[in-house]
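Data block below; observations after.
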Amino acid sequence: MKTDVIIVGGGHNGLVCAAYLAAQGKKVVVLERRPIVGGAAVTEEFHPGFRNSLASYTVSLLHPEVIRDLRLHQHGLRIVERPFANFLPQADGRYFKLGGSLSATQQEVAKFSPRDAERLPAYYAMLDRSVALLREMLTRTPPAVAQHARLADWWAGLDLAQRVKKLDDPTRRDLLDLFTRSAGDLLDGWFESDPLKAALGWDSVVGNFASPYSPGSAYVLLHHVFGEVNGKPGAWGHAIGGMGAVTQAMARECEARGVSLLTDAEVSQIQVHQGQVQGVTLSDGRTFTAPCVVGNVAPPLLYGKLIEAQHLPEDFRQRLAHYKSGSASFRLNVALSELPDFTCLPGTQAQPHHGAGILFAPHLAYMERAYFDARSHEHTPGWSREPIVELNIASVLDDTLAPARQHVASIFCQHFDPALRETWATHKTAAADSVLNVIERYAPNFKRSILGLQILSPWDLEQTLGLVNGDIFHGALQLNQLWAARPVLGYGNYRSPIRGLYLCGSGAHPGGGVTGLPGRNAAREILRGW
């Protein structure tokens, strides 16, 4: 079959890229190895009568221009906000709520530190100043900082330099801190209360196999505050119908624009001849030819498995060999007969805190201990005895996911060493029990309310969804893998060493999360190069 563009991988960025290309008259085929498009953002039944988002589970980073351009609301997407961002039960019987209005958060913070409550607006203002510049960078193509840079690349670098130069000195210093310092050091410099620092510091370890005191973790924190829900910056929400509602709306727009979406279509090799991409071969022997192939898979898969090494420069292969991928994430989907009955805030009837992101990590030291515990393998084969746990009960906001008066929960956890690879099959039940024990400590009815359980270790995430080492971001968000260096320096502009081969997944700028921006930005560059 001959076409204009082949997109390898039907995750959300591949769908976004396909839709933008088709809108400009290109004939596009999307090849997805699973029976359904959507990648990690799909909704599936995991227990009879219970559906949930398989891996991705919450909405904030999805860019408003992608929502508008792909007419996602017209295709049925509806996003509802959480009552507030996070709920943190405390071991001493107290609790902390983050989010809602600023004044409401300050009142919560004041229970632990009046000083921190006074400082909180200044902290948010600091983040807002930094985010203002970085939001602009999200939608721009990074320059190809290498010997083959084009004039446009030099102009892009100069434009960014001018923008940074216009910032005042405090904002430039804040940006430097956010890109280089640890989240723990940053937060310790601002605040004294453990619950507040834990709630804010959680974002620094999401999908990041590191301590909150690891240099560079402050940027991971920053990466999670770019978003918005229904026009409200910084808010978090839930897609009615689960994350599959996002990608199914994208798929409907793709089909309306003439995109061919083929499932059960696993690409085994990308064909290259004399430095130019030719097409792809599927595992069942079918072939597709096109002058343009776009990888919506993790860089280690694209360049390490789908392309023969002889077609890539030695320097490029060496750089990819050191590409860091492995977020130490662990996912559970749980069917519940009733809501958690928290000791600090009792009741199994739905209350606002049940609809928030419920975080079990009382302080930054707990998070750091969880990291070193998983890395050391001293007490367990490769996971934390007391892991960092976030519980989201989507059915509190969305009654389409579970039978009446019953519930589904997403449990997202750190830290679980991806280096265990296939041996996770023998350990994941014990690891899941360590997660449930953490929740049970604060909600004693939790374990007995479980009707069904789906466990996804880092190995499961790789085998099912192609997330190498379970990395939810297609590669670590660290300074040498960001912007013009994502995935490697010289190829941050969505191109590759092979003519006609592009990258549009989370391994490209601006990185992971359900944003749609790598797909949107890559489509723009593909059209420029056409």
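Keep in mind that what you see is a predicted model, and the values were worked out from it rather than measured. All residue numbers refer to positions in the sequence shown, counting from 1.
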*Do the numbers put K428 on top of the ring of F416, so that NZ or CZ is under 6.0 Å from the six-membered ring centre and no more than 45° off the axis?*
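No, a cation-pi geometry is absent between K428 and F416.
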
*Would you call V131 and F226 a side-chain contact if the rule is heavy atoms closer than 4.5 Å?*
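Yes, side chains in contact.
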
Test your reading of the model: is there a side-chain donor-acceptor pair from [X] to the backbone of [Y], 3.5 Å cut-off?
{"X": "H353", "Y": "F342", "result": "no"}
{"X": "D417", "Y": "A419", "result": "yes"}
{"X": "S53", "Y": "M243", "result": "yes"}
{"X": "Q351", "Y": "P346", "result": "yes"}

For residues [X] and [Y], report the shortest heavy-atom separation together with the two atoms involved.
{"X": "F209", "Y": "G326", "result": "CB-O, 3.6 Å"}
{"X": "H474", "Y": "Y323", "result": "O-OH, 2.8 Å"}
{"X": "H47", "Y": "L451", "result": "CE1-O, 3.2 Å"}

*Tell me whether the centres of the aromatic rings in F412 and F330 are closer together than 6.0 Å.*
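Centroid distance F412-F330: not below 6.0 Å, so no.
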
*When the ring centroid of W383 is compared with that of H427, is the distance short of 6.0 Å?*
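When the ring centroids of W383 and H427 are compared, they turn out to be within the sub-6.0 Å range.
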
_Between D460 and R331, does the side-chain contact (heavy atoms from CB on, under 4.5 Å) criterion hold? Intermediate values first, please._
CA-CA 9 Å; D460 295 318; R331 276 282 281 120; over 6 Å; no

*Please name all residues satisfying side-chain contact (heavy atoms from CB on, under 4.5 Å) with S101, sequence neighbours left out, ordered by chain then number.*
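If we apply the side-chain contact (heavy atoms from CB on, under 4.5 Å) test to S101, skipping adjacent residues, the hits are S103, A104.
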
_Value rounded to 0.5 Å, distance of CG in D399 from NE2 in H407_ =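 Here the rounded value is 10.0 Å.
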
*State which residues pass side chain to side chain donor-acceptor pair (under 3.5 Å) with R82; sequence neighbours excluded, sorted by chain then number.*
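Per chain and number, R82 pairs via side chain to side chain donor-acceptor pair (under 3.5 Å) with T58, N392.
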
*Contacts of E45 that satisfy side chain to side chain donor-acceptor pair (under 3.5 Å) - sequence neighbours left out*: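 Checked E45 against side chain to side chain donor-acceptor pair (under 3.5 Å); zero matches.
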
